[in-house]
Undergrad: 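Let me give you the structure first, and then I'll get to my questions.
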Amino acid sequence: MRVLVVEDEEQMADAIARGLRLNAMAVDVAYDGQEALDLASYIDYSVIVLDRDLPAVHGDDVCRELMSRSRIIMLTAAGQLHDRVDGLTLGADDYLVKPFAFAELVARVRTLARRTDRGEAPVLERAGIRLDPARRTVTRDGADVGLNRKEFDVLHELLRAGGKLLTSIELRRKVWDEYADGGTGVLRVTLTSLRRKLGTPAVIENVPGRGYRL
């Protein structure tokens with residue numbers, strides 16, 4: 001799951017990002033609205049945690065621009081009913097007022113992430129592999145396959161691609177955030193472990209110089 005935190009109070013933004021990373025999410029941070037738009041122009045985010053009162057580009061305008069591409073939870077100090085209604089009317093999927101309980105933010109982000117792919121089946125199947133994103137379970141030919149969170153996320157992206165090639169850069173952007181050690185070596189190790197756990201015959205193909213597909 002890739003999450004973008006957009007908050008101009010840097011300490012709060014960094015604290016939210018650290019907490020979400022501890023809950024197995026890949027998180028990027030933007031400190032103003034323009035930076036958020038720039039990041040979202042080349043990275044697909046499942047959920048955007050968006051402060052409403054932002055410099056450079058107002059949070060309302062960021063919401064209008066990105067609401068068709070990501071689920072958005074507005075995070076703001078404005079707690080009046082009309083403020084919440086305004087935020088949801090703009091296109092936000094959820095609204096959380098500061099101060100908030102961090103456990104509630106995590107729960108809301110996860111709930112929105114499960115609804116990110118509006119047209120995607122909740123369970124993905126290909127080549128005898130069955131992946132359930134909601135329960136985070138994987139089976140192959142009916143047998144359980146135990147994966148760590150990065151192996152699961154890589155397999156999820158390969159299944160979502162439907163047999164199309166994903167480059168190393170695309171996989172790293174989708175699974176690792178900009179602060180994680182998601183270089184080519186780490187991706188290669190993750191794929192090697194994933195192939196071993198999925199067993200034979202091998203289903204993940206490496207097309208040299210181009211990428212990977214399932």
Side-chain angles (χ1 to χ4, degrees), residues 1-6 10 13-31 35-36 38-49 69-71 106 109-110 112-114 116-117 120 124 126-140 143-214:
M1 181 197 313
R2 192 78 179 258
V3 178
L4 176 61
V5 174
V6 190
E10 294 190 14
D14 294 343
I16 292 172
R18 284 194 300 271
L20 293 178
R21 291 185 186 118
L22 288 174
N23 282 272
M25 302 179 199
V27 186
D28 296 332
V29 178
Y31 300 118
E35 186 180 6
D38 292 343
L39 285 169
S41 69
Y42 64 91
I43 298 175
D44 292 327
Y45 292 103
S46 300
V47 179
I48 298 174
V49 179
R69 288 182 270 168
S70 303
R71 296 290 184 176
V106 171
V109 169
R110 284 178 170 161
L112 289 181
R114 287 195 291 268
T116 295
D117 299 304
E120 183 180 72
L124 302 177
R126 188 178 181 87
I129 297 169
R130 186 175 190 273
L131 182 147
D132 186 333
R135 294 179 175 82
R136 293 190 70 82
T137 58
V138 175
T139 61
R140 181 169 187 186
D144 290 336
V145 180
L147 303 178
N148 66 36
R149 66 177 184 263
K150 291 304 182 186
E151 293 163 352
F152 182 95
D153 291 343
V154 168
L155 180 60
H156 190 193
E157 295 302 333
L158 290 170
L159 283 166
R160 289 180 64 192
K164 296 180 181 178
L165 276 170
L166 289 178
T167 67
S168 297
I169 292 175
E170 287 173 327
L171 276 171
R172 295 201 306 271
R173 282 180 176 172
K174 290 174 182 293
V175 177
W176 283 271
D177 65 51
E178 62 182 318
Y179 299 103
D181 183 8
T184 302
V186 173
L187 174 61
R188 188 180 301 116
V189 169
T190 300
L191 283 163
T192 298
S193 177
L194 178 57
R195 287 191 183 99
R196 177 179 56 79
K197 291 181 178 181
L198 289 174
T200 55
V203 292
I204 298 176
E205 180 185 5
N206 177 13
V207 180
R210 296 181 60 195
Y212 302 88
R213 65 184 168 204
L214 193 148

Undergrad: Taking the side chain as every heavy atom from C-beta outward, state whether I43 and Y45 have any pair of such atoms under 4.5 Å apart.
TA: yes
Undergrad: With rounding to the nearest 0.5 Å, note down the distance linking CG in N23 to CZ in R18.
TA: 13.5 Å
Undergrad: State whether the side chain of R140 and the backbone N or O of G128 hold a donor-acceptor pair below 3.5 Å, judged by distance alone.
TA: no
Undergrad: Please report the closest heavy-atom contact between Y31 and A13, naming both atoms and the distance.
TA: CE2-CB, 3.9 Å
Undergrad: Testing the basics here: between L198 and I204, what is the closest heavy-atom pair and its distance to 0.1 Å?
TA: CD1-CD1, 4.0 Å
Undergrad: Between V109 and M1, is there a side-chain heavy-atom distance shorter than 4.5 Å?
TA: yes
Undergrad: Output the distance between atom CG (L159) and atom CD (E157), rounded to the nearest 0.5 Å.
TA: 9.5 Å
Undergrad: Got a sec, which pairs hit salt bridge (charged side-chain N to carboxylate O under 4.0 Å, His left out) with one end in residues 190-201, sequence neighbours left out?
TA: E151-K197
Undergrad: Please evaluate residues R110 and M25 with respect to the criterion side-chain contact (heavy atoms from CB on, under 4.5 Å), reporting the C-alpha separation (whole Å), side-chain torsions for both, the decisive distance (0.1 Å), and the verdict.
TA: CA-CA 9 Å; R110 284 178 170 161; M25 302 179 199; 3.8 Å; yes
Undergrad: How close do E35 and V29 get, counting heavy atoms only, and between which atoms?
TA: OE2-O, 3.7 Å
Undergrad: Compare every heavy atom of V203 with every heavy atom of A127, then report the nearest pair and how far apart it is.
TA: CB-CG1, 4.1 Å
Undergrad: List in chain and number order the residues that pass side-chain contact (heavy atoms from CB on, under 4.5 Å) with I169, two or more places apart in sequence or in another chain; answer none if no residue qualifies.
TA: T167, R172, R173
Undergrad: State, with a plain yes or no, whether a side-chain heavy atom of Y212 is found less than 4.5 Å away from one of L191.
TA: yes
Undergrad: Between D28 and V5, is there a side-chain heavy-atom distance shorter than 4.5 Å?
TA: no
Undergrad: Looking only at heavy atoms, what is the nearest atom pair of A40 and R69, with distance?
TA: O-NH1, 3.2 Å
Undergrad: Is it the case that the side chain of R21 and the backbone of I16 share a donor-acceptor pair, with hydrogens and angles ignored and the cut-off at 3.5 Å?
TA: no
Undergrad: To the nearest 0.5 Å, tell me how far K150 NZ sits from T190 OG1.
TA: 8.5 Å
Undergrad: Kindly write out the residues that satisfy side chain to side chain donor-acceptor pair (under 3.5 Å) with N206, not counting sequence neighbours, or none if the list is empty.
TA: none
Undergrad: Could I get the full list of salt bridge (charged side-chain N to carboxylate O under 4.0 Å, His left out) partners for D44, not counting sequence neighbours?
TA: K174
Undergrad: Closest heavy-atom contact between A30 and A36?
TA: CB-N, 3.6 Å
Undergrad: Using a 4.5 Å cut-off on heavy atoms from C-beta on, say whether the side chain of L194 contacts that of L155.
TA: yes
Undergrad: Check whether T192 reaches the backbone of R188 with its side chain - one donor and one acceptor, N or O, closer than 3.5 Å.
TA: yes
Undergrad: State the CZ-CG distance between R126 and L131, to the nearest 0.5 angstrom.
TA: 13.5 Å
Undergrad: Checking side chain to side chain contact (heavy atoms under 4.5 Å, CB included) between I48 and each of L4, L39, V3, which is the one that passes?
TA: L4
Undergrad: Using the side chain to side chain contact (heavy atoms under 4.5 Å, CB included) rule, pick out the option among L147, D144, D132 that qualifies with V138.
TA: L147
Undergrad: Suppose we screen for side chain to side chain donor-acceptor pair (under 3.5 Å). Which residues come up paired with R136, at least two apart in sequence or across chains?
TA: D153
Undergrad: Among pairs that include at least one residue of residues 200-214, which meet salt bridge (charged side-chain N to carboxylate O under 4.0 Å, His left out), considering only residues two or more places apart or in two chains?
TA: E205-R213
Undergrad: Taking the side chain as every heavy atom from C-beta outward, state whether S46 and R71 have any pair of such atoms under 4.5 Å apart.
TA: no
